[in-house]
**Q** 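Pasting a structure here, questions to come.
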2 protein chains.
Amino acid sequence: MSVPLYQAKAELFRTLGHPVRIRVLELLQDGPKPVRDLLAVVEVEASNLSQQLAVLRRAGLVTSHRDGPLVMYALSTSDVADLLAAGRRILGAVLTDRDALLDELRAGGPAR
Amino acid sequence: MSVPLYQAKAELFRTLGHPVRIRVLELLQDGPKPVRDLLAVVEVEASNLSQQLAVLRRAGLVTSHRDGPLVMYALSTSDVADLLAAGRRILGAVLTDRDALLDELRAGGPAR
DNA sequence: TGTTGAGTTGAACAATCCTGCAAGTGCTAA
DNA sequence: TTAGCACTTGCAGGATTGTTCAACTCAACA
């Protein structure tokens, strides 16, 4: 294998590791949208958004095609939504654990 | 909220975006392991592995505790395994799409 | 044909991340 | 109490990323 599997996985996750890219993917979960609409929600320069869209395109997570004067973007597979959902679940688990620890700490908990 | 949710999500994914960290998490899916064992499988300097473990610890994805002379690591929640599985699925979808395109290209497919 | 709106691309600079080396901590056994 | 594993931590580079500005393409329309 030219690129080890775990490296491909790492690249996939790294692609998701950017606030703007995450937001775009979440917005696209509701269906295809033109750049125009994304730009209205995600407050960032047009060229910046375009760069991030290019990253998502290269990774194969989204597809784009021109529709008249607009360029439309869509998730390339609904599996992307699953991945985001899994991320949300983990974040929930990790953050509540962290809060629990924090509460313990505040209460001068078990460890002391 | 002090840290927007989508930024926390991005950080989570970025944490997974490194080959060594991915491998460690996959190894830990089979149960807790000492650094020693991880080091034997993941070919990297001890200090490097330690740095990556620290990243995973800070992100709350793994926990560690000393057991005699060894330090044991474990996944902090089984949700992590779900996330990895979702990643694998997507990678499958994206890569087969890519291969299909590649095949089309080789065959001088539809586009021409 | 020229102009305007919608996006993209290239390039430079700044910010971040990775890696490896050297030094340090903790435990255990001689 | 010294030696020796088993790890961790603190940097100092070098390598990657991210952001922005300017320039460019494409389509629609006056």
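Note on naming: letters A, B, ... go to the chains in the order of the sequence lines (proteins, then strands), and numbering restarts at 1 for each one. Side chains are part of it too, since the values below use all heavy atoms of this structure and drop only hydrogens, waters and symmetry mates. Remember, it's a predicted structure, so these values are computed and weren't measured experimentally.
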**Q** Going by the rule side chain to side chain contact (heavy atoms under 4.5 Å, CB included), which residues pair with B:Gln52 if we only count those two or more places apart in sequence or in a different chain?
**A** B:His18, B:Val20, B:Arg21, B:Asn48, B:Val55
**Q** Expressed as a whole number of angstroms, how long is the span from B:His65:NE2 to D:dA6:C1'?
**A** 15 Å
**Q** Do any pairs count as a salt bridge (Lys or Arg N to Asp or Glu O under 4.0 Å) and have a residue in residues 41-59 of chain B, sequence neighbours left out, and if so which ones?
**A** none
**Q** Between N or O atoms, less than 3.5 Å apart, protein on one side and nucleotides 11-17 of chain D on the other: list the pairs.
**A**
{"from": "D:dC11", "atom 1": "N4", "to": "B:Gln51", "atom 2": "NE2", "distance (Å)": "3.3"}
{"from": "D:dT17", "atom 1": "OP1", "to": "A:Arg14", "atom 2": "NH2", "distance (Å)": "3.2"}

**Q** Using side chain to side chain contact (heavy atoms under 4.5 Å, CB included) as the criterion, list what pairs up with A:Pro32, not counting sequence neighbours.
**A** A:Met72, A:Ala74
**Q** Could you go over nucleotides 22-30 of chain D and give all protein N or O partners under 3.5 Å, atom names and distances?
**A**
none

**Q** Only counting residues at least two apart or in another chain, list the ones meeting side-chain hydrogen bond (donor to acceptor under 3.5 Å, both in side chains) with A:Glu26.
**A** A:Arg88, B:Lys9
**Q** Check side chain to side chain contact (heavy atoms under 4.5 Å, CB included) between A:Val35 and all other residues, then give those that pass, not counting sequence neighbours.
**A** A:Leu49, A:Leu53, A:Val71, A:Tyr73
**Q** Rounded to whole Å, please give me the gap between CG in B:Leu70 and C1' in D:dT8.
**A** 15 Å
**Q** Any residue in residues 28-40 of chain B with a heavy atom nearer than 4.0 angstrom to DNA chain C? Just list them by number, or reply none.
**A** none
**Q** Could you tell me whether the side chain of B:Leu91 reaches within less than 4.5 Å of the side chain of A:Leu5, counting heavy atoms only?
**A** yes
**Q** For A:Ala46, what residues pass the side chain to side chain contact (heavy atoms under 4.5 Å, CB included) criterion, not counting sequence neighbours?
**A** A:Leu39
**Q** Determine yes or no for a side-chain-to-main-chain donor-acceptor pair under 3.5 angstrom, with A:Thr77 supplying the side chain and B:Ala93 the backbone.
**A** no
**Q** I want to check something: taking the side chain as every heavy atom from C-beta on, are B:Leu61 and B:Leu75 in contact at a cut-off of under 4.5 Å?
**A** no
**Q** Looking at B:Ala59, is its backbone amide N or carbonyl O close enough to the side chain of B:Thr15 to form a donor-acceptor pair, meaning the two atoms are under 3.5 Å apart?
**A** no
**Q** Which pairs pass side chain to side chain donor-acceptor pair (under 3.5 Å) with one or both residues in residues 28-38 of chain A, sequence neighbours excluded?
**A** none
**Q** Counting any heavy atom closer than 4.0 Å, what does A:Asn48 reach on the DNA or RNA strands: base, sugar-phosphate only, or nothing?
**A** base
**Q** If hydrophobic clusters are built by linking Ile, Leu, Val, Met, Phe, Trp and Tyr wherever their side-chain heavy atoms come under 4.5 Å apart, do B:Val41 and B:Leu70 end up in the same one?
**A** no
**Q** Distance check: side-chain N/O of B:Tyr73 vs OP1/OP2 of D:dT8, anything under 4.0 Å?
**A** yes
**Q** Could you tell me which residues satisfy salt bridge (Lys or Arg N to Asp or Glu O under 4.0 Å) with B:Arg66, sequence neighbours excluded, listed by chain and number?
**A** none
**Q** Check every nucleotide of DNA chain C for an atom under 4.0 Å from a heavy-atom of chain B, then give the first and the last such nucleotide from 5' to 3'.
**A** C:dC17 to C:dT28
